[in-house]
Amino acid sequence: MPERPRQIETISRRILDQSPDPAVRWRLLRDVLRVDSNFPPASEAYRSLLQSRQTRALAAAQQRNGGWGRFHSQDSTLHRKFPTTEFAVARALALGLAPTGRILAKTAEYIGAMLTDDIPFPDPAEMNDRWPVGVRLFLAATLARLQPGHPLLNPERSLWLGILRRTFHRGTYDPKEEQQAHLDTTGARVKNSYLVLDNRYMLDLLGSEPGLLPPDLEAVFLGWLWSRVGGIGYLGAPLTCPPPSSPGPFERWLTTLELFAGTKLNWAGHAVQAIEWLWDQCGPDGYWDFGTRSALSAVLPLSNSWRRRQNRFIDWSTRILILLKKYEIAIGEI
């Protein structure tokens with residue numbers, strides 16, 4: 001609908017008129033209104049973000065090597081604000097920190113050193129033949145979110161693209177072909193494991209470079225992922241509408257949608273029903289509110305505090321507006 005892009009801009013400007021906290025202001029200017037970062041209001045918003053309490057908390061918890069303790073698997077004996085490096089990276093990107101900035105550039109160097117085996121992976125190893133392949137996937141997928149053009153990603157993308165081609169070479173998903181492709185290339189037995197192609201890390205890795213997948217392969221891969229009854233691996237939320245109403249399952253549903261929207265793949269044609277549902281949730285005041293945030297969320301809060309109830313509306317609305325803007329851009333490119 002032609003009025004929706006204008007509605008996205010109108011709601012964004014209404015939020016900005018309320019002088020929101022730095023992360024909200026920066027993300028609306030950069031990701032929704034698409035203001036040039038050198039424009040004074042945008043550059044001032046980013047400086048405020050770098051000085052904000054939330055950014056300072058990330059910097060204070062970051063270790064000298066560039067990580068935040070364990071990389072992928074949380075240590076349940078510790079209660080940390082940033083339980084893993086993966087979570088901290090997701091949090092930093094949600095706030096709008098630049099991948100080239102001091103915090104995330106340091107993390108990218110850290111990941112690179114692990115990919116080249118210069119330093120060890122910090123998590124306890126699983127005692128199976130999948131673990132070495134899984135570690136490299138976790139590392140490469142996270143690096144792809146920060147520096148999608150990094151040369152260390154080339155062999156990892158080549159490996160998984162080869163497995164993807166073999167798995168779908170008949171035009172549909174073939175689990176036996178996938179299992180054999182792994183045995184032939186990685187030596188890993190992947191049946192009923194996290195290393196099958198439906199996991200979230202695959203989207204981060206193979207979806208971060210435009211044109212990597214041939215159009216026919218991309219089409220069948222996306223269609224298979226979108227229609228999976230169990231959803232995407234590690235999130236487990238099928239993209240049906242309406243989504244689950246409780247905070248945890250809803251967070252996984254929305255995160256799955258955002259995961260697709262963050263790729264360079266042609267995802268928008270699959271998302272029409274989900275986007276329509278989100279528009280229907282916009283209240284008469286022009287805001288979205290999905291209630292208390294899930295403990296799983298690395299995205300919220302964007303504001304410094306939700307003690308002021310209005311900040312909850314602002315944060316949810318900002319999150320949805322960013323997604324809707326990505327959708328508008330994506331359908332314009334189809």
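- We find the CG-CD1 distance between Leu58 and Ile103 to be 5.5 Å, quoted to the nearest 0.5 Å.
- By the 4.0 Å N-to-carboxylate-O rule, Arg293 lies too far from Asp315 to be salt-bridged with it.
- At a threshold of 4.0 Å, the pair Glu258-Lys326 does not count as salt-bridged, since none of the basic side-chain nitrogens sits closer than that to a carboxylate oxygen.
- With sequence neighbours excluded, no residue forms a salt bridge (Lys or Arg N to Asp or Glu O under 4.0 Å) with Glu126.
- Below 30°, between 30° and 60°, or above 60°: for His72 and Tyr234 the angle between ring planes is above 60°, a perpendicular geometry.
- Closest approach of Glu86 and Thr142 over heavy atoms only: CG-OG1, 4.0 Å.
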Criterion ring pair (Phe, Tyr, Trp, His ring centres under 6.0 Å) on Phe290 and Phe250, from CA distance to verdict: CA-CA 9 Å; Phe290 294 105; Phe250 177 76; 4.6 Å; yes

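- Of the charged side-chain nitrogens involved, none lies within less than 4.0 Å of a carboxylate oxygen, so that Arg6 and Glu328 do not count as a salt-bridged pair.
- In this structure, Trp316 and Leu254 have side chains that are in contact, with non-hydrogen atoms separated by less than 4.5 Å.
- Residues Pro132 and Phe121 fail the side-chain proximity criterion, which asks for heavy atoms closer than 4.5 Å.
- Cluster membership check: Val272 shares its hydrophobic cluster with Ile331, using side-chain heavy-atom separations under 4.5 Å among Ile, Leu, Val, Met, Phe, Trp and Tyr.
- Side-chain contact of Arg166 with Gln180: a donor-acceptor pair under 3.5 Å is absent, judged by distance alone.
- A side-chain contact (heavy atoms from CB on, under 4.5 Å) with Leu265 is found for one member of Leu212, Leu206, Leu203 and no other, namely Leu203.
- Checking side-chain atoms of Glu178 against main-chain N and O of Leu197 turns up a donor-acceptor pair under 3.5 Å.
- Between Phe168 and Tyr173, the ring-plane angle classifies as tilted under the 30° and 60° cut-offs.
- Taking a 6.0 Å sphere around NZ of Lys106, one finds it holds more than 12 heavy atoms contributed by other residues, nucleotides or ligands.
- Counting only heavy atoms from C-beta outward, the side chains of Arg70 and Pro124 approach each other to under 4.5 Å.
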Check against side-chain contact (heavy atoms from CB on, under 4.5 Å), Trp68 and Tyr110: CA-CA 11 Å; Trp68 284 264; Tyr110 172 56; over 6 Å; no

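- Proximity of Pro22 to Gln51: side-chain heavy atoms (C-beta onward) are nowhere separated by under 4.5 Å.
- No hydrogens or angles considered: nothing links the side chains of Ser303 and Gln310 as a donor-acceptor pair under 3.5 Å.
- Under the 3.5 Å distance criterion, with hydrogens and angles disregarded, a donor-acceptor pair is assigned to the side chains of Arg157 and Ser208.
- Taken to the nearest 0.5 Å, the CG atom of Leu164 stands 4.5 Å off from the CG atom of Leu217.
- Both Leu115 and Ile119 belong to a single network of hydrophobic side chains, linked directly or stepwise wherever heavy atoms of I, L, V, M, F, W or Y lie under 4.5 Å apart.
- Here the closest heavy-atom approach between residue Trp267 and residue Thr263 is recorded as CD1-OG1, 4.2 Å.
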Could you walk me through whether Glu276 and Arg4 pass the salt bridge (Lys or Arg N to Asp or Glu O under 4.0 Å) check? CA-CA 11 Å; Glu276 287 298 321; Arg4 283 185 172 172; 2.8 Å; yes

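- Heavy-atom neighbours of Arg189 CZ from other residues, nucleotides or ligands within 6.0 Å: at or below the threshold of 12.
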Give the C-alpha distance, both sets of side-chain angles, the deciding distance and a yes or no for side-chain contact (heavy atoms from CB on, under 4.5 Å) between Leu137 and Met202. CA-CA 8 Å; Leu137 177 61; Met202 203 55 53; 4.1 Å; yes

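- Side chains of Ser297 and Arg319 form a contact here, defined as non-hydrogen atoms less than 4.5 Å apart.
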Run the side-chain contact (heavy atoms from CB on, under 4.5 Å) check on Asp198 and Leu225 step by step: do they pass? CA-CA 6 Å; Asp198 73 339; Leu225 287 173; 4.0 Å; yes

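- Distance check, rounded to the nearest 0.5 Å: CD of Glu109 to CG of Asp118 gives 12.0 Å.
- Taking both residues in full, the closest heavy atoms of Val35 and Phe39 are given as CG1-CD2, 3.5 Å, listed atom of the first, atom of the second, then distance.
- Closest approach of Leu33 to Ser12, counting heavy atoms only: CD2-CB, 4.0 Å.
- Within 6.0 Å of CZ in Arg308 there are more than 12 heavy atoms belonging to other residues, nucleotides or ligands.
- One hydrophobic cluster, built from ILVMFWY side chains closer than 4.5 Å, cannot hold both Leu302 and Leu296; they sit in different ones.
- The cluster map of Ile, Leu, Val, Met, Phe, Trp and Tyr, joined by side-chain heavy atoms under 4.5 Å apart, puts Leu93 and Phe71 in the same cluster.
- A donor-acceptor contact closer than 3.5 angstrom links the side chains of Ser52 and Thr55.
- Within the model, atoms OG1 of Thr186 and CG of Asp129 stand 7.5 Å from one another, a figure rounded to the nearest 0.5 Å.
- Ring pair Trp253/Trp277 is perpendicular by interplanar angle, where above 60° counts as perpendicular and below 30° as parallel.
- Side-chain contact of Glu44 with Ser48: a donor-acceptor pair under 3.5 Å is present, judged by distance alone.
- Annotation: side chain of Leu161 is in contact with side chain of Leu213 (closest heavy-atom distance under 4.5 Å).
- Annotation: side chain of Leu152 is not in contact with side chain of Leu139 (no heavy-atom distance under 4.5 Å).
- Summarising the geometry of Val299 relative to Arg91, their closest heavy-atom pair is O-NH1, 2.8 Å, with the distance given to 0.1 Å.
- Nearest approach of Ala94 to Ala298, heavy atoms of both residues: CB-O, 3.8 Å.
- Looking only at distances, a side-chain donor or acceptor of Trp26 sits under 3.5 Å from a matching main-chain atom of Gly96.
- Remark: Trp306 CH2 to Phe313 CZ distance equals 10.0 Å, nearest 0.5 Å.
- The side-chain heavy atoms of Asp123 and Asp75, taken from C-beta on, include no pair separated by under 4.5 Å.
- For the pair Tyr46 (side chain) and Ala98 (backbone), a donor-acceptor distance under 3.5 Å is present.
- The distance from the CG atom of Leu235 to the CZ atom of Arg200 is 4.5 Å, given to the nearest 0.5 Å.
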Please walk me through it: do Trp279 and Ile275 pass side-chain contact (heavy atoms from CB on, under 4.5 Å)? CA-CA 6 Å; Trp279 272 113; Ile275 295 298; 3.8 Å; yes

